[in-house]
Asks: 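Sharing a structure, written as structure tokens. Questions coming.
No hydrogens, no waters, no symmetry mates; every other heavy atom, side chains included, goes into these values. As the structure is a prediction and not an experimental result, all values here were calculated from the model.
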Amino acid sequence: MSSISIIAVPTDLREPHLPLLLEADPNEALVREYLNNGDLFLIKREQRIIGVSLFTFPKPRTVELKNIAIKSTIRNQGYGKSVIQQATDFYKQKGYREMIVGTANSSIDNIAFYQKLGFRLVDIEPDFSLIILRHYRNMVSLLATGYYS
């Protein structure tokens, strides 16, 4: 795997990246709700866009991985893992204490992927068929302080 770079996208330039975001979350109305919130990053390899990631901030000192999409032709090569590791370091330096991600409870592969990266199951929202996972590795461990949301 070649190295990747992550580049922030200003709010007014996000619309062209909607098709790639829809690969990870096909609900266009929902994606449009969060498209201009938080931080959107282009994922580039050799100056070519290979994906996007979007992070929001649901509460103080918490960052949520809202969407990550790597082009289908180059998935399963470690790019998603690299993005999450870089984002974890980036947000830790900015003072965030936890990273969370929500994924469909039917997405067993996604759940396994996030667990391999240090996320742990913390909540299941049955009405939304959603599983919430929290990341502790490389962030300040909230488990040690007894904090649970």
Asks: Quick test of your reading of the model: are Glu33 and Lys66 salt-bridged, counting only N-O distances below 4.0 Å?
Replies: no
Asks: Identify the heavy atoms of Lys44 and Ile7 that sit nearest to each other, and give their distance.
Replies: CD-CD1, 3.2 Å
Asks: About how many Å separate CE of Met99 and CZ of Phe119, when rounded to the nearest 0.5 Å?
Replies: 5.5 Å
Asks: List in chain and number order the residues that pass side-chain hydrogen bond (donor to acceptor under 3.5 Å, both in side chains) with Asp25, two or more places apart in sequence or in another chain; answer none if no residue qualifies.
Replies: Tyr34
Asks: How many angstroms lie between atom OG of Ser5 and atom CZ of Phe41, to the nearest 0.5 angstrom?
Replies: 12.0 Å
Asks: Do Arg61 side-chain atoms and Arg97 backbone N/O form a donor-acceptor pair below 3.5 Å?
Replies: no
Asks: Between Ile6 and Leu42, is there a side-chain heavy-atom distance shorter than 4.5 Å?
Replies: no
Asks: List for me each residue that meets side-chain contact (heavy atoms from CB on, under 4.5 Å) alongside Arg32, sequence neighbours excluded, and say none if there are none.
Replies: Glu15, Leu18, Glu28
Asks: So how far is it from Leu30 CG to Leu21 CG, rounded to the nearest 0.5 Å?
Replies: 11.0 Å
Asks: Mind checking side-chain contact (heavy atoms from CB on, under 4.5 Å) for Asp12 and listing every partner two or more places apart, or none if nothing turns up?
Replies: Pro10
Asks: For Pro58 and Ile100, which heavy atoms make the closest approach, and how far apart are they?
Replies: CG-CD1, 4.1 Å
Asks: What residues, two or more places apart in sequence or in another chain, satisfy side-chain contact (heavy atoms from CB on, under 4.5 Å) together with Ser72?
Replies: Glu23, Arg75
Asks: Give the minimum heavy-atom separation between Ala69 and Ile43, together with the two atoms involved.
Replies: O-CD1, 4.4 Å
Asks: To check you understand the geometry: which heavy-atom pair defines the closest contact between Glu98 and Thr62, and what is its length?
Replies: OE2-OG1, 2.6 Å
Asks: Find the distance between CG (Asp39) and CZ (Phe90) and round it off to the nearest 0.5 Å.
Replies: 6.0 Å
Asks: Any chance you could measure Leu13, atom CG, to Thr11, atom OG1, to the nearest 0.5 Å?
Replies: 9.0 Å
Asks: Are Ile4 and Ile68 linked, directly or through other ILVMFWY residues, by side chains that come within less than 4.5 angstrom of each other?
Replies: yes
Asks: Are Ile84 and Phe113 side-chain neighbours, meaning at least one heavy-atom pair lies under 4.5 Å?
Replies: yes
Asks: Taking ring-ring contact (aromatic ring centres under 6.0 Å, His included) as the definition, give me every residue that meets it alongside Phe57, ordered by chain and number, with sequence neighbours left out.
Replies: Tyr91, Tyr96
Asks: Applying a strict under-4.5 Å side-chain criterion to I, L, V, M, F, W and Y, I'd like to know whether Val83 and Val9 cluster together.
Replies: no
Asks: Identify each donor-acceptor pair in which a side-chain atom of residues 47-56 lies under 3.5 Å from a protein atom, sequence neighbours left out, and give them as a table.
Replies:
none

